[in-house]
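Report on one structure; see the data block that follows.
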Amino acid sequence: MKDAYDVLIVGGGPAGLAAAVWCSELGLRGTVLEREKITGGQLNWTFNTIRNFLGFGQIEPAELRERLGQQAGASCTEITTSVDVKAVDLAAKRIETEDGRVFTGRSIVVATGVRRRSLGIPGEQEFIGRGVLGSGAKSLDQTEGKRVVVVGGGDAAAENAVMLAKRARSITLVHRRENFTARKIFMDQIAELKNIDVRTSCRLSSIDGTEHVETVTISGPGAEYHRINADLVLIRVGVMPNSEAFASQLELDDSGYIKVDAHGSTQVDLVYAVGDVANPISPTLNSAIGMGVTAAKHLVQRLT
């Protein structure tokens, strides 16, 4: 049994670390519970250079992760990694982990972030590592001279299509809607690249092959199906909030994001949610850190 803390922070991504640093700065005793071996959240799976984080012209994700981790580690907040949460009682401010530890506090900050959304189609899981890519930037060398299918209509899909087109023989960009939500800067680049074939109002129906990806099936308007040759597939169709553990205790929107007010407060007293798990509108590093700081500032007013 751990001693009671002022604040229990679930999640060690940018939002959770920001809350931790500011809680410590403001005199609150806290602990961060992180599922992975290291803190950093999505920064651990981001490989493209970050160009819009305030204060830096550009910075590599690994460097930013290390800087955030060092600053949080230098604070008085405890950080526990490789911890799987078994049960959460938000009203009692009690968290039990799979290894039998129990953490209690006066408040809880949920900063569990999001995960990539999957399509749920045949072949998607079976061909991971055998043609289905986890990262465009990390797999750039693999795409040399290959036929690549990129799925999605947002910034991630468009940016990866542009990046991979520099190496790949061809890119087929598949989007289920007619219009893209990706920023104009990416769409303008796509329009200029002759080896990118854009397929709108289409869905990827299956990924097929034997030992490796060989073809994909695309369904178009009118339920028409087309099979095209492909060597690699990259799926970037958005994210899902990691809110399942709190679904029975917190109010969620239709997409599973935790509903909060301007301070990050949920409907459970002294329970806050910050970062991407509670921010479907602007899920950015800047927003995540701002939400973490705001929650900490509001918490100290409530607890002191």
Sidechain N-carboxylate O distance under 4.0 Å for [X], [Y]:
X	Y	answer
Glu244	Arg115	yes
Arg236	Asp155	no
Arg183	Glu159	no
Arg227	Asp208	yes

As a test of understanding, state which of Arg106, Arg29, Lys93 forms a salt bridge (Lys or Arg N to Asp or Glu O under 4.0 Å) with Asp6.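 For Asp6, the salt bridge (Lys or Arg N to Asp or Glu O under 4.0 Å) check succeeds only for Arg106.
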
Whether over 12 other heavy atoms sit under 6.0 Å from [X] [atom1]:
X	atom1	answer
Gln70	CD	yes
Arg35	CZ	no
Glu25	CD	no
Arg169	CZ	no
Gln71	CD	no
Ile128	CD1	yes
Lys146	NZ	yes

Whether the side chain of [X] engages the backbone of [Y] through a donor-acceptor N/O pair (distance < 3.5 Å, no angle test) should be reported.
X	Y	result
Thr266	Val271	yes
Thr46	Pro61	no
Asp231	Gly145	no
Asn160	Ala157	no
Ser139	Ser135	yes
Arg203	Ser219	no

Would you compute the distance between atom CZ of Arg147 and atom OG1 of Thr172 and round it to the nearest 0.5 angstrom?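 Arg147 CZ to Thr172 OG1: 10.0 Å, rounded to 0.5 Å.
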
Would you give the length of the straight line joining atom NE2 of His175 to atom CG of Leu173, rounded to the nearest 0.5 angstrom?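 Answer rounded to 0.5 Å: 8.5 Å.
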
Any idea which heavy atoms bring [X] and [Y] closest together, and the distance?
X	Y	answer
Arg94	Ile108	N-CD1, 4.3 Å
Ala165	Leu193	CB-CD1, 3.9 Å
Ala137	Asn48	CB-OD1, 3.0 Å
Ile218	Ile228	CD1-CD1, 3.7 Å

Please write out which residues are connected to Ile38 in a hydrophobic cluster, directly or through intermediates, given that two of Ile, Leu, Val, Met, Phe, Trp, Tyr count as joined at side-chain heavy-atom separations below 4.5 angstrom.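 Answer for Ile38: none, a lone residue.
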
Test of understanding: with salt bridge (charged side-chain N to carboxylate O under 4.0 Å, His left out), list the residues that count as partners of Arg67, not counting sequence neighbours.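 So Arg67 forms a salt bridge (charged side-chain N to carboxylate O under 4.0 Å, His left out) with Glu63.
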
Please report the C-alpha distance between Ile95 and Leu33 in whole Å, then the side-chain angles of each, then the deciding distance to 0.1 Å, and finally whether the side-chain contact (heavy atoms from CB on, under 4.5 Å) criterion is met. CA-CA 10 Å; Ile95 297 175; Leu33 305 178; 4.0 Å; yes

